[in-house]
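Here the structure is a predicted model, which means the values were calculated and not measured. Reckoned from all heavy atoms, side chains included, excluding hydrogens, waters and symmetry mates.
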Amino acid sequence: MKVQKIKNHRKGLTLAEVLLVIFIITILVGIPFWSATGWIRRSRLKNEAIKVRTFIENQRTTAMGMSTRRALVFEGRNIKVLMENLTRPLPNLDSLVSVYTNFFSSNIYLGGIPGATGLRGVSIDSDGVMFGQSQQNNTLTFTAFGLVETPGEIYLNDGKNLFCIAINGFGQVKIYRWEGGQWNEIK
């Protein structure tokens, strides 16, 4: 008579094996998510900088089209647009055109981040808006020919990343990003 060996075969997975598989899947799914959040933050900040650049360029074009001086006054998160009143003695910038309340997105801040210097090597003002010779002015003024009377910069950050919108005397607007301890132009 032959003795048959009965093999005890397990069916299914143990709890430890299931937990190990879930852990591995979580790690593999989480890696792209963690890197994507930084990319999303940088993209939001870059889009905000592009929005500001477009707004400034539109105001410059309007000043040239109307053949009059135009000023943008940055007051915290708000922007006032003033225009020269041609019926009053010149020069003046006392006609209020519009007020843009909460122009900047809520998760975007004006000013610098720790360790960063301004585009010209100077410290960044706490309000992030630096126009004119003294760099203490918050008013950007365009002439009727599209030139800028008060060139300067606006600094935007999201707590980690820093962008600069720079306006030169000819009215050109460029965007720069602080990375690796230096400013790099964004095309």
Side-chain angles (χ1 to χ4, degrees), residues 24-64 70-81 99-143 146-187:
I24 291 171
I25 290 172
T26 303
I27 295 295
L28 293 175
V29 169
I31 290 171
F33 175 76
W34 290 320
S35 63
T37 55
W39 177 81
I40 290 169
R41 287 178 69 156
R42 281 190 305 277
S43 295
R44 283 184 185 153
L45 188 57
K46 182 179 178 182
N47 289 341
E48 189 76 14
I50 291 169
K51 176 180 93 171
V52 173
R53 178 184 66 192
T54 304
F55 178 76
I56 291 169
E57 289 172 341
N58 286 340
Q59 295 301 321
R60 177 179 181 253
T61 303
T62 303
M64 291 187 308
R70 200 166 180 91
L72 307 178
V73 182
F74 293 84
E75 297 174 337
R77 303 187 81 71
N78 306 327
I79 302 175
K80 276 197 308 191
V81 180
V99 177
Y100 295 88
T101 311
N102 291 321
F103 180 80
F104 299 98
S105 299
S106 61
N107 54 353
I108 303 297
Y109 309 102
L110 291 157
I113 58 174
T117 60
L119 193 60
R120 301 174 198 197
V122 298
S123 62
I124 301 171
D125 284 354
S126 60
D127 68 354
V129 181
M130 303 165 53
F131 292 114
Q133 295 292 340
S134 66
Q135 298 288 312
Q136 302 286 325
N137 190 356
N138 287 0
T139 304
L140 173 63
T141 307
F142 293 106
T143 67
L147 300 174
V148 176
E149 294 178 5
T150 55
E153 302 95 29
I154 302 168
Y155 294 92
L156 304 174
N157 75 76
D158 61 2
K160 283 189 168 188
N161 302 295
L162 178 64
F163 278 74
C164 172
I165 300 102
I167 303 95
N168 68 17
F170 296 108
Q172 295 172 324
V173 184
K174 294 183 179 182
I175 298 175
Y176 296 90
R177 179 176 168 208
W178 179 261
E179 55 188 345
Q182 66 182 13
W183 289 103
N184 297 314
E185 185 177 355
I186 302 293
K187 302 278 180 184

Test log, rule side-chain contact (heavy atoms from CB on, under 4.5 Å), inputs Val81 and Arg70 | CA-CA 7 Å; Val81 180; Arg70 200 166 180 91; 3.7 Å; yes
side-chain contact (heavy atoms from CB on, under 4.5 Å) between Arg44 and Asp158: does it pass, once the steps are laid out?
-> CA-CA 9 Å; Arg44 283 184 185 153; Asp158 61 2; over 6 Å; no
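- Under a 3.5 Å cut-off, the side chain of Glu48 and the backbone N or O of Ser105 do form a donor-acceptor pair.
- A donor-acceptor pair under 3.5 Å is formed between the side chain of Thr150 and the backbone N or O of Thr141.
- For Arg177, the CZ atom counts as densely surrounded, since its 6.0 Å shell holds more than 12 non-hydrogen atoms of other residues, nucleotides or ligands.
- Phe104 contributes atom CZ, which lies 9.0 Å from atom CG of Asn78 (distance to the nearest 0.5 angstrom).
- One finds the CD atom of Glu153 at 10.5 Å from the CG atom of Asn168 (value rounded to the nearest 0.5 Å).
- Between Ile113 and Lys160 the shortest side-chain heavy-atom distance does not fall below 4.5 Å.
- Pro151 approaches Gly169 most closely through the heavy-atom pair CB-N, 3.8 Å.
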Could you check Phe163 against Ile154 for side-chain contact (heavy atoms from CB on, under 4.5 Å), going step by step and ending with a plain yes or no?
-> CA-CA 8 Å; Phe163 278 74; Ile154 302 168; over 6 Å; no
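- Across all their heavy atoms, Leu110 and Asp127 have their closest contact at CB-O, 3.0 Å.
- The two residues Phe142 and Ala63 come nearest to each other via the heavy atoms CB-CB, 4.1 Å.
- Between the CZ atom of Arg53 and the CD1 atom of Ile165 there is a distance of 9.5 Å, given to the nearest 0.5 Å.
- Between Leu140 and Gln59 the shortest side-chain heavy-atom distance does not fall below 4.5 Å.
- Across all non-hydrogen atoms, the minimal contact from Leu162 to Ala116 is CD2-CB, 3.5 Å.
- For the atom pair CZ of Arg60 and CD1 of Ile167, the computed distance is 11.5 Å after rounding to the nearest 0.5 Å.
- Under a 3.5 Å cut-off, the side chain of Trp183 and the backbone N or O of Thr117 do form a donor-acceptor pair.
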Can you list the steps and then say if Val52 with Phe103 is a side-chain contact (heavy atoms from CB on, under 4.5 Å)?
-> CA-CA 9 Å; Val52 173; Phe103 180 80; 3.9 Å; yes
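- Of all non-hydrogen atoms in Tyr155 and Leu119, the two that sit nearest each other are OH-N, 2.7 Å.
- Closest of all the heavy-atom pairs between Ala71 and Thr139 is CB-CG2, 3.9 Å.
- Environment of NZ in Lys51: crowded, with over 12 heavy atoms of neighbouring residues, nucleotides or ligands closer than 6.0 Å.
- How far CD1 of Ile175 is from CD of Glu185: 9.0 Å, rounded to the nearest 0.5 Å.
- With rounding to the nearest 0.5 Å, the separation of CD1 in Ile56 from CD1 in Ile79 is 7.0 Å.
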